[in-house]
Each structure stands twice: as C-alpha cells, then as structure tokens.
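Numbers restart at 1 for each chain; the letters A, B, ... are given by sequence-line order, proteins then strands.
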There are 2 protein chains.
Amino acid sequence: MKTLYPLSSFNKTELEGFEKCFCPVVRSYSRGEVIMRLDEENNYVGVIASGTAHLVTTTFDGTKTIIDYFEPGNIFGRRFSPCTQIDPYLVTAKTKCTVWLVEYERVITCCEKRCEKHIRLIDLMILTMARRAQLHVEVLGKRSIRGKLMSYFSHISRSRESRTFVLPLSLSDLADYISVDRSAMMREIKNLNNEKIIVSHANKVTILKDVNV
Amino acid sequence: MKTLYPLSSFNKTELEGFEKCFCPVVRSYSRGEVIMRLDEENNYVGVIASGTAHLVTTTFDGTKTIIDYFEPGNIFGRRFSPCTQIDPYLVTAKTKCTVWLVEYERVITCCEKRCEKHIRLIDLMILTMARRAQLHVEVLGKRSIRGKLMSYFSHISRSRESRTFVLPLSLSDLADYISVDRSAMMREIKNLNNEKIIVSHANKVTILKDVNV
DNA sequence: AAAAGTCTGTTGCATTTGCAACAAAAACGT
DNA sequence: ACGTTTTTGTTGCAAATGCAACAGACTTTT
C-alpha cells in the first residue's frame, strides 16, 4: 500500500495534477468579495490557486472571528470546513485571488480507476482540516492572551522552521483569529518584547526564549 | 450519484455494517486507561462501540484541556483528530468502554468494489471532524465565559432538539472543554440562573431565554 | 460500612482582560 | 500625488476572570 503524504496543502506539482484531474471551474475575486458562503446548499470544494482568503463569521454585535485563513494550495468547503447553522460563515478574498471549484461529491467518491490523486485529495482534506482545527483549538484553548500568542507563534515558527518569521495575518486579523481584544493583545505583545521573550515589529516576529505555554 | 448522509456519528445499523465490513480489532478498557496515544506512529482509526472516552491534553503546568469527547458511534484517530507535536494527546476511557480499531489506510483507500460503506465512512470521518472542530472553535471563540457556555448549551439543545438536556460532560470536564477556570464557570452558571436565562441543577440544563451569544 | 476519590458549589481578592478613545504610520485606490 | 482606509500602537478605567481555599454531596472501591 502506498504511503500517504504528510503535507497539509498541495504543492505546485500537485496543484497542476489537481487541475488536470478535476478540470475545476476557475474564478477570480477582488479584495473583500465573498468567494463562498458555507451553508447547507453549498456542495463545492474550493482550492486557492493564488492570493489569500479568510473564513470569517460575524456575530450579531459585530464581533468578527477569523475561523481560518487560506493561502495558495489550501482547500476549503462546507463539508469539511467548520460552519454553523446560526451565523453565516463566509470565505472572503483578503487579497485579489484566484480559486478553483469542484463539486464535493466528485472529490469524495472514488473515481472508476481509483485514481491516486483522489485518494491523495481525500487524505489531504482530512489532514488539512485536522491540522487547522488542531492549531486553532490549541491556540484558543490557552487561558491567557500570552499563552494564545506564544502557542500561535511557536506553531508558525515550527512550520517555517525558523525563529524569525512574518505572520500570515496582520495583527488586527490575528486578534480576531485568537479571539481577543486587539488593544489587549497589543499590550501583551509589548510585554513580551519588554521581557525579551520575543522581538517584534508589526507582524515580523522573532522568538528569543522558549516559553512553556 | 448517491446522496451522502448528514450525520456525524454511526447509528446502530451502520455500526453493525462497519463491523462486518472492516472486521476491526475489538478492545476493552476500564476507566482511566489510555486507549490511544495520538502521535506520528499511530495509524489506527478507533470507533467507540460502548462507553465514553475523552481526548485530553495536559500542559507542563498541569492544565488539562478536553479536546474532544466520544460516545458510541464516534470515531477518532491521529490522522483526523486534532493532535500536536508538543504535548501528548491521549484518548482515555472516561468510563469502562469497548473500542474497535482499524488501520487508517484500509479505511481511507477505497476498496476494490468501491464499497458504499467505505465512501460513507470517509465522508463520516470528514463530517465528524468538521462538526466537532466547528463546535469547539465556535465555543472557544466566544470572548466571555457566558458566551462560551450559552454557545455550547444552545448547540447541545439543537442537537437534542429540546430546551432541556443533560450535558454529555460533567461540569468539571465542561470547564476543561471550554478552557476556563471551573469556579469562574460555576459563578457564571449561577448568574445565568439568577437572571433566569437558564435553569440548571448540576449538569441538567434548561434554556429559558434565547440569548445572542 | 468505611474510606477514598470525584463532583458540585461558594467566596474574597489580585490580576488580567476588554472597552473606549485617540493618534500616527502605512497601504491602497484613483 | 492626494485623500481614504487600514493597520499599528497607546492609555485609563471598569469589568470579568483566574486563583486559592474550603465544604458538603455523591460515587466508587476496598
């Protein structure tokens, strides 16, 4: 039996393979446009081909939560992205972006020849979701803003294999992702700098000290 | 093309079908025993046949977080349950329980005859994870203990289709699941009772007023 | 039946966090 | 190149939360 790949997004070759295998619908969006509404009627899988997008939900009082963020190679869709019955979950373009769309059932159902790519894609969907959910739950699960920040930073550091990195989110968006007040988060980032645990300027961060979080 | 089922766990018939189709290894555990360690070496999918189990992680300072909880029909496994590289993620028996184990790759790879059950199981895994992650992120994402509680309660209420329900977790465990201090949570539950938003005794809850959370 | 362990419930107090409001810098659109 | 919008950064103050510590009820084990 073939070993399944451990990655959580498609690489360039796989993206090309995906395009050939599924002949997806290609759509382009400009900043702020809604790419997909994750509701019961939605049966599409989306793959970010270029640009970035956010999965966002906004509650009645205007509190925004960034549930997930997508870069080229990331996939999303109602069936395997978190979505709720109450507040609308929207995938919106953070920057100008290009997206591929394929019907969920075409992906989940094995094709006649048990095409390796289908199995790979199914595995990837499962992995992607698992890792993203894992990260988010792990970060949100920390009891303090400091804990949330350091948990998130060290995850990014690990995935980039470097103690210095640029955050994939703006600080404003990061606050929405870790679900805390932005000014309180800024204050805590300042504290972390003062205590020489990190050095940061805007969203460029270097971890100086490993902290048990 | 067959419509895929919207459930997030196996029902009784499906459990029986699953057993026949996969011939899983059957294991029994007593309260507190470790059923599965979700690490890189682990390639099994577990299905709870009877009893209950928790997916738990404990940080260096002893803070426990309940990442997920499982009842009969629920599935878990490293490949699609949240797990991390730092703290160990353990599935432990909350009560005496029986578990079925199947290799992940046998599940994820379509069988020769494109058996309907395999496709169903893959879909179920994806759905299960999505819903569980959805719920947890949604709950943890609320900025206050009150918000977390009401978000969780209304989810349980919806899934039970009743305003009165018994929580699937003890209050102590609930605090670990929503990741807040237990005493602070108790205080907030008392407030909710005083304000007649809910009526509760121990882990039996009735929602009196729908609150925007 | 007693003992051990777990779960629910409570309170005072210190700390952390969120809120509101503002200002400067940077990015973006035309 | 200018105006607009977004992002970063800051502070005082009120409110929410976590911590510590304790007690009684309920379960499970021996």
Side-chain angles (χ1 to χ4, degrees), chain A residues 30-33 51-52 54 56 59 61-66 92-96 140-150 166-195 198-205 213, chain B residues 30-33 51-52 54 56 59 61-66 92-96 140-150 166-195 198-205 213:
Chain A
S30 46
R31 182 187 161 87
E33 269 193 281
T52 56
H54 287 177
V56 175
T59 47
D61 65 348
T63 310
K64 188 176 84 173
T65 304
I66 295 180
T92 57
K94 182 66 184 178
T95 64
K96 196 190 302 183
L140 292 176
K142 302 299 176 199
R143 310 267 174 117
S144 62
I145 294 181
R146 172 171 297 211
K148 290 179 169 77
L149 282 173
M150 290 310 291
V166 174
L167 297 173
L169 295 167
S170 71
L171 294 183
S172 299
D173 287 339
L174 179 58
D176 291 334
Y177 180 76
I178 69 177
S179 210
V180 298
D181 181 73
R182 190 188 60 82
S183 69
M185 185 191 80
M186 294 303 292
R187 180 164 40 205
E188 197 55 40
I189 287 178
K190 202 211 231 169
N191 294 342
L192 289 167
N193 275 280
N194 288 342
E195 296 175 36
I198 65 169
V199 179
S200 75
H201 296 284
N203 62 358
K204 185 179 175 185
V205 180
V213 275
Chain B
S30 47
R31 181 188 162 89
E33 268 192 282
T52 56
H54 287 178
V56 175
T59 48
D61 65 347
T63 311
K64 187 176 84 172
T65 304
I66 295 180
T92 58
K94 181 67 182 175
T95 66
K96 197 191 301 182
L140 291 177
K142 302 300 175 196
R143 310 269 174 114
S144 62
I145 293 181
R146 171 171 297 213
K148 289 180 169 75
L149 282 173
M150 291 309 292
V166 174
L167 297 173
L169 294 168
S170 72
L171 294 184
S172 299
D173 287 339
L174 178 59
D176 291 334
Y177 179 76
I178 69 176
S179 209
V180 298
D181 181 75
R182 190 187 60 82
S183 70
M185 186 192 79
M186 295 303 292
R187 180 164 40 206
E188 198 56 41
I189 288 178
K190 201 212 233 169
N191 293 342
L192 288 167
N193 276 280
N194 288 343
E195 296 175 35
I198 66 170
V199 178
S200 75
H201 297 285
N203 62 359
K204 185 178 174 185
V205 180
V213 275

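- Applying the 4.0 Å criterion to OP1 and OP2 of dT8(C), one finds that Lys204(B) has every side-chain N and O outside that range.
- You won't find any donor-acceptor pair under 3.5 Å spanning the side chain of Ser183(B) and the base of dA21(D), going by distance alone.
- Under a 3.5 Å cut-off, the side chain of Thr95(A) and the backbone N or O of Gly51(A) do not form any donor-acceptor pair.
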Check: protein-nucleotides 27-30 of chain D nitrogen or oxygen pairs below 3.5 Å:
none

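- Put simply, the side chain of Arg182(A) and the base of dG9(D) share a donor and an acceptor less than 3.5 Å apart.
- In this structure, Met186(B) atom CE and dA23(D) atom P are separated by 17 Å, rounded to whole Å.
- Phosphate contact (OP1/OP2 of dC7(C), side-chain N/O of Lys94(B), threshold under 4.0 Å): present.
- Residue Ser172(A) places its side chain closer to dT7(D) than to any other of dT7(D), dT8(C), dG9(D).
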Between the protein and nucleotides 14-17 of chain D, which nitrogen or oxygen pairs are less than 3.5 angstrom apart?
residue, atom, partner, partner atom, Å
dT17(D), OP1, Ile145(B), N, 2.8

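- Lys64(A) places its NZ atom 12 Å from the C1' atom of dT7(D), with the value rounded to the nearest Å.
- Inspection of the Asn193(A) and Ser200(A) side chains reveals an N or O donor paired with an N or O acceptor under 3.5 Å.
- Comparing the helix axis at one end of the helix from dA1(C)-dT30(D) to dT30(C)-dA1(D) with that at the other, each defined from 5 consecutive pairs, gives an inter-axis angle of 70° (nearest 10°).
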